[in-house]
Amino acid sequence: MQRAAKCALRLDLSRAFCPSSVRNCPAINKVNDTVLCRRYSVLPPPRDKEEKAMLDSMLRVDHAGEYGANRIYAGQMAVLGRTQTGPLIQHMWDQEKMHLEKFDEILGEHRVRPTLLLPLWNIAGFALGACTALLGKEGAMACTVAVEESISEHYNSQIRTLMETDPERYTELLQLIKEFRDDEIEHHDTGLEHDAESVPGYFLLKTAIQAGCKAAIYISQRI
């Protein structure tokens with residue numbers, strides 16, 4: 001009701017202060033219809049059960065991924081927080097906190113159930129971050145490269161799906177995912193710049209971590 005009232009107020013103001021020639025402009029009317037009176041922030045109201053299931057699955061796995069990333073950085077900070085690498089890890093963690101906060105908000109707003117495996121991702125994420133950090137800065141950065149590459153590829157897959165489905169309908173969601181994807185790519189590149197590839201067994205470690213990430217993505221989409 002409040003949103004509807006605000007929408008009506010905006011339209012009344014536009015009538016009061018805009019000339020009739022402007023009010024009758026199709027472009028202005030389109031703005032009134034699609035922007036000023038939009039009743040949702042990121043997600044459009046689902047048209048059917050299939051669309052709701054698709055969006056719920058996307059949001060559930062994205063929330064799980066950001067939750068896991070937060071726990072990984074928490075584990076890294078527990079080991080390396082007081083070293084010279086601490087501020088760098090903290091910066092990336094702060095960005096992940098913002099991602100998780102946004103997905104928490106969206107899940108609550110749209111009544112989407114998070115994955116039932118959050119307690120497992122809590123422990124596994126922290127353990128992965130702490131164990132790789134015990135290998136030193138290079139180990140932590142190798143973990144960051146592996147995880148962030150997996151997450152950015154997953155976001156790219158979602159972007160392709162939404163673009164092929166209806167890019168105009170999912171404008172806000174696409175913008176959000178692209179923004180978060182760009183942050184993950186930045187973290188990936190930061191890891192490479194800080195000697196990730198110099199850790200012994202880098203490719204084996206990266207392959208193992210990414211296999212775990214793929215499994216976590218698959219499970220979180222469904223449970």
Side-chain angles (χ1 to χ4, degrees), residues 1-11 14 26-71 93-122 125 147-187 213-214 216-223:
M1 291 294 291
Q2 290 180 345
R3 289 183 178 178
K6 289 179 181 178
C7 175
L9 177 60
R10 290 191 183 104
L11 291 177
S14 70
I28 297 298
N29 290 334
K30 184 177 181 181
V31 169
N32 282 336
D33 291 341
T34 62
V35 178
L36 294 179
C37 298
R38 182 151 290 176
R39 297 170 183 268
Y40 54 89
S41 56
V42 174
L43 294 184
R47 289 175 290 199
D48 49 42
K49 293 182 179 179
E50 288 74 17
E51 183 182 28
K52 178 169 174 52
M54 177 192 75
L55 294 174
D56 284 4
S57 177
M58 280 188 173
L59 293 173
R60 181 176 300 115
V61 69
D62 289 351
H63 175 267
E66 298 296 350
Y67 181 86
N70 268 268
R71 297 306 296 152
W93 188 14
D94 288 342
Q95 288 182 312
E96 299 295 350
K97 288 178 181 179
M98 293 174 60
H99 296 179
L100 180 59
E101 182 179 349
K102 185 61 181 178
F103 278 118
D104 278 335
E105 175 187 324
I106 296 173
L107 260 62
E109 179 181 354
H110 296 278
R111 299 183 179 181
V112 178
R113 174 186 59 77
T115 176
L116 298 176
L117 297 180
L118 281 186
L120 176 59
W121 304 152
N122 177 21
V147 171
E148 301 293 24
E149 185 173 282
S150 296
I151 294 176
S152 61
E153 288 177 354
H154 171 70
Y155 278 147
N156 279 332
S157 176
Q158 289 189 340
I159 290 168
R160 286 192 294 270
T161 297
L162 294 174
M163 290 293 292
E164 292 170 359
T165 303
D166 190 342
E168 291 187 4
R169 179 169 174 76
Y170 302 116
T171 299
E172 287 80 4
L173 181 57
L174 278 166
Q175 181 179 350
L176 181 74
I177 293 176
K178 288 177 181 178
E179 178 183 338
F180 289 178
R181 185 270 319 269
D182 291 346
D183 287 342
E184 311 302 354
I185 292 175
E186 177 187 329
H187 299 169
C213 289
K214 290 179 181 178
I217 289 171
Y218 180 85
I219 296 170
S220 296
Q221 285 175 323
R222 293 162 174 78
I223 299 179

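FYI, the numbering just counts along the sequence from 1.
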For residues [X] and [Y], report the shortest heavy-atom separation together with the two atoms involved.
X	Y	answer
I151	A69	CD1-CB, 4.3 Å
S57	Q221	OG-O, 3.3 Å
S220	V61	CB-CG2, 4.0 Å
R181	S152	CG-O, 3.9 Å

By the definition side chain to side chain contact (heavy atoms under 4.5 Å, CB included), identify the one residue from [options] that meets it with [X].
X	options	answer
E66	K97, R71, H99	H99
P167	M163, E164, R169	M163
P114	V112, L116, L118, L117	L118

| query | Are H154 and Q158 close enough, and set up right, to give a side chain to side chain donor-acceptor pair (under 3.5 Å), and what steps lead you there? | reply | CA-CA 6 Å; H154 171 70; Q158 289 189 340; 3.2 Å; yes
Could you tell me whether E186 atom CD has more than 12 heavy atoms of other residues or ligands within 6.0 Å of it? yes
_For R111, is the CZ atom crowded, meaning more than 12 foreign heavy atoms sit under 6.0 Å from it?_
no
Exercise for the section: Decide yes or no on ring-ring contact (aromatic ring centres under 6.0 Å, His included) for F103 and Y67, but give the supporting numbers first. Expected result: CA-CA 9 Å; F103 278 118; Y67 181 86; over 10 Å; no
Check: M58 and T161 side chains under 4.5 Å, non-hydrogen atoms: yes
task = Report yes if some heavy atom in the side chain of I106 is under 4.5 Å from a heavy atom in the side chain of L173; otherwise report no.
result = no
Quiz item: Yes or no on salt bridge (Lys or Arg N to Asp or Glu O under 4.0 Å) for K102 and E105, after CA distance, side-chain angles and deciding distance?
Solution: CA-CA 5 Å; K102 185 61 181 178; E105 175 187 324; 3.3 Å; yes
